[in-house]
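Read through the structure below, which is laid out as structure tokens, and then see the notes.
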Amino acid sequence: EDCFHQNRDIMTTNPAHKLTVVGDVNISGDILLSSASRTIQTPNTTAVTETSNSLTITSGKASDVTTNGGSGAVTVSTGATSNGLNTGALTISTGNTAGGGTAGNINITAGTGSGGGNVGGSVHINPGDGLTIGNVILANLRGNVGIGNTVPDVKLDITGTASASLFYAGTGAGTAASPSFAFTNDQDTGMFRSAANQLGFSTLGSERLTINSTGNVAGLMLEAVGQA
């Protein structure tokens, strides 16, 4: 007959469902689920469920979900815990490569806006909040990070205006030949810390002006103008 009205089994004598298979299944075509609530589930409660134009992927807990709503929004989250327990981690990784190949990319792309008044989507990386705020870490970064450009030349390459409430040049004091604050096309001209509590200004790799801890200025060259 075209339809089975009883449970069928393959390699088992006690089928619990309409079709129970003990062993691997190789299907070359599509798997189509036609019920109102469609679920693919493993014995350890990992499941993929589709309802009302939403896709939910559950791993271990009902709260660990990936949802693709009918509006096109995608949310990936891990379950919350209490009593000082650690929450689950979300890991997105691509395949490794060897022999001169290129490893896979991780692409996070926000939607674009077109037409009058439409605004493109944003990409948010939020480390969360708590007694101690988490960090956003770029570990083992042997390449460069570009903001506003696709070919960064240094560790952090920003095309455009950058703003910060505080900025530290780091532990390096810089030198007259290589000042901490310089210019891409003129890297031997700028400002550096020439000594403790002292600022130095250099041009062409030589210190031209110094402001010491008392505010005194040394090295200032003045040219008299308009004298008879």
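- Not a single donor-acceptor pair under 3.5 Å links the side chain of N212 to the backbone N or O of Q198.
- Note that CD1 of I211 and CZ of F201 are 4.5 Å apart. Values are rounded to the nearest 0.5 Å.
- Judged as a side chain to side chain contact (heavy atoms under 4.5 Å, CB included), and not counting sequence neighbours, the contacts of V154 are D157.
- Here R208 contributes atom CZ and T203 contributes atom OG1; the two are 3.5 Å apart, rounded to the nearest 0.5 Å.
- P152 has its side chain out of reach of V145: every pair of non-hydrogen atoms, C-beta onward, lies at least 4.5 Å apart.
- The local environment of CD1 in I106 is crowded, with over 12 non-hydrogen atoms from other residues, nucleotides or ligands closer than 6.0 Å.
- Minimum interatomic distance between S202 and D188 (heavy atoms only, all atoms of both residues): OG-O, 3.6 Å.
- Contact of the I147 side chain with the L156 side chain is registered, since non-hydrogen atoms from C-beta on lie closer than 4.5 Å.
- S213 and N197 form no side-chain donor-acceptor contact under 3.5 Å, judged by distance and modelled atom types alone.
- Note on L199 and F192: separate hydrophobic clusters, where clusters join Ile, Leu, Val, Met, Phe, Trp and Tyr whose side-chain heavy atoms are under 4.5 Å apart, directly or indirectly.
- Judged as a side chain to side chain donor-acceptor pair (under 3.5 Å), the pairs with a partner in residues 177-187 (not counting sequence neighbours) are, in order, D186-T189.
- Side chains of N107 and T109: a donor-acceptor N/O pair is absent below 3.5 angstrom, by distance only.
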